Amino acid sequence: QQQVKQSPQSLIVQKGGISIINCAYENTAFDYFPWYQQFPGKGPALLIAIRPDVSEKKEGRFTISFNKSAKQFSLHIMDSQPGDSATYFCAAGEYNNNDMRFGAGTRLTVKP
Amino acid sequence: KAGVTQTPRYLIKTRGQQVTLSCSPISGHRSVSWYQQTPGQGLQFLFEYFSETQRNKGNFPGRFSGRQFSNSRSEMNVSTLELGDSALYLCASSLGSGLGEQYFGPGTRLTVT
């Protein structure tokens with residue numbers, strides 16, 4: 001069922017640095033690509049999402065870059081902070097269908 | 001506005017038993033989706049309910065079932081529990097089926113012994 005590949009599995013970044021997480025999908029019918037942030041003991045929280053009609057979307061320190069031809073998208077966290085330490089999941093699916101396929105997750109650690 | 005709530009938060013059951021988990025969506029949201037999260041398999045889609053009807057179903061055995069009530073609250077049932085059913089069960093609500101953004105609850109941690 002794995003249709004979304006996420007890398008790296010874990011990431012350590014210094015405070016103030018840029019965190020980059022990559023995802024690749026297979027199904028060309030997918031047209032909705034959200035990113036979720038999950039802290040221990042909590043459910044995933046929607047962070048930012050993109051549709052394929054744009055190649056980039058920015059919200060504060062978080063940016064999604066999307067490459068439709070390569071079927072890849074990535075999350076960039078600028079000026080990473082220790083409070084950003086969490087597990088990040090990419091997902092992909094059809095906007096008109098709530099059956100989301102999730103990546104395996106990236107555990108981000110931001111060192112002070 | 002209150003978020004998605006799930007009850008109970010923690011549950012311990014024995015193999016062979018059955019369990020029912022509950023989810024109350026965000027007020028005004030009519031779609032509820034259920035996911036299973038495990039360290040080995042990650043987040044996997046179970047099913048989605050909209051207007052009391054199952055709209056989508058993932059690749060899980062028939063032991064996993066659900067329903068939705070007229071107030072959009074949803075329940076998920078797992079019968080004949082197996083050790084491998086130990087997981088965090090998450091529900092997510094959205095305004096409607098096929099309206100994109102889903103918001104997750106804190107989950108129910110099920111442990112099967």
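The sequence lines fix the lettering, A, B, ..., with proteins before strands; numbering per chain opens at 1. Note that the coordinates shown come from a computational prediction; the quantities given were computed from them, not determined experimentally.
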S.K.: Can you hop from Ile48(A) to Tyr25(A) via hydrophobic side chains spaced under 4.5 Å?
M.R.: yes
S.K.: Heavy-atom count check: over 12 atoms from other residues, nucleotides or ligands less than 6.0 Å from Lys57(B) NZ?
M.R.: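 Counting other residues, nucleotides and ligands, NZ of Lys57(B) exceeds 12 neighbours.
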S.K.: Determine whether more than 12 heavy atoms belonging to other residues, nucleotides or ligands lie under 6.0 Å from atom CZ of Arg51(A).
M.R.: yes
S.K.: Given heavy-atom pairs under 4.5 angstrom as the criterion, report whether the side chain, backbone, both or neither of Gln37(B) touches chain A.
M.R.: side chain
S.K.: What residues form a side-chain hydrogen bond (donor to acceptor under 3.5 Å, both in side chains) with Ser69(A), not counting sequence neighbours?
M.R.: Asn67(A)
S.K.: Measure distances from Arg9(B) to the heavy atoms of chain A and classify the residue's part below 4.5 Å as side chain, backbone, both or neither.
M.R.: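 Contact with chain A: side chain only.
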S.K.: Would you say that more than 12 heavy atoms from the other residues, nucleotides or ligands in this model lie under 6.0 Å from the CD of Glu59(A), or not?
M.R.: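 Atom CD in Glu59(A) is crowded, with more than 12 foreign heavy atoms closer than 6.0 Å.
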S.K.: When rounded to the nearest 0.5 angstrom, what is the spacing between CZ in Arg101(A) and CZ in Phe45(B)?
M.R.: 8.0 Å
S.K.: Among the clusters formed by ILVMFWY side chains lying less than 4.5 Å apart, do Leu110(B) and Tyr10(B) turn up in the same one?
M.R.: no
S.K.: Could you walk me through whether Tyr32(A) and Glu101(B) pass the side-chain contact (heavy atoms from CB on, under 4.5 Å) test, one step at a time?
M.R.: CA-CA 9 Å; Tyr32(A) 177 64; Glu101(B) 292 80 9; 3.5 Å; yes
S.K.: Can you tell which part of Leu88(B) gets under 4.5 Å to a heavy atom of chain A, answering side chain, backbone, both or neither?
M.R.: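 Leu88(B) touches chain A through side-chain heavy atoms alone.
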S.K.: Hey, does Phe102(A) have a side-chain heavy atom less than 4.5 Å from the side chain of Tyr35(B)?
M.R.: yes
S.K.: As an exercise, state the distance from CD of Glu48(B) to CE of Met100(A), rounded to the nearest 0.5 Å.
M.R.: 9.5 Å
S.K.: Chain B heavy atoms under 4.5 Å from Pro34(A): which part of the residue, side chain, backbone, both or neither?
M.R.: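 Pro34(A) has no heavy atom closer than 4.5 Å to chain B.
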S.K.: Can you tell which part of Leu43(B) gets under 4.5 Å to a heavy atom of chain A, answering side chain, backbone, both or neither?
M.R.: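 Answer is both: backbone and side chain atoms of Leu43(B) are under 4.5 Å from chain A.
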S.K.: Looking at every heavy atom in both Leu90(B) and Pro44(A), which two are closest together, and how far apart are they?
M.R.: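 Taking Leu90(B) first and Pro44(A) second, the nearest heavy atoms are CD1-CD, 3.7 Å.
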S.K.: Under a 4.5 Å side-chain heavy-atom rule over Ile, Leu, Val, Met, Phe, Trp and Tyr, are Ile50(A) and Ile20(A) clustered together?
M.R.: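 Each belongs to a different hydrophobic cluster.
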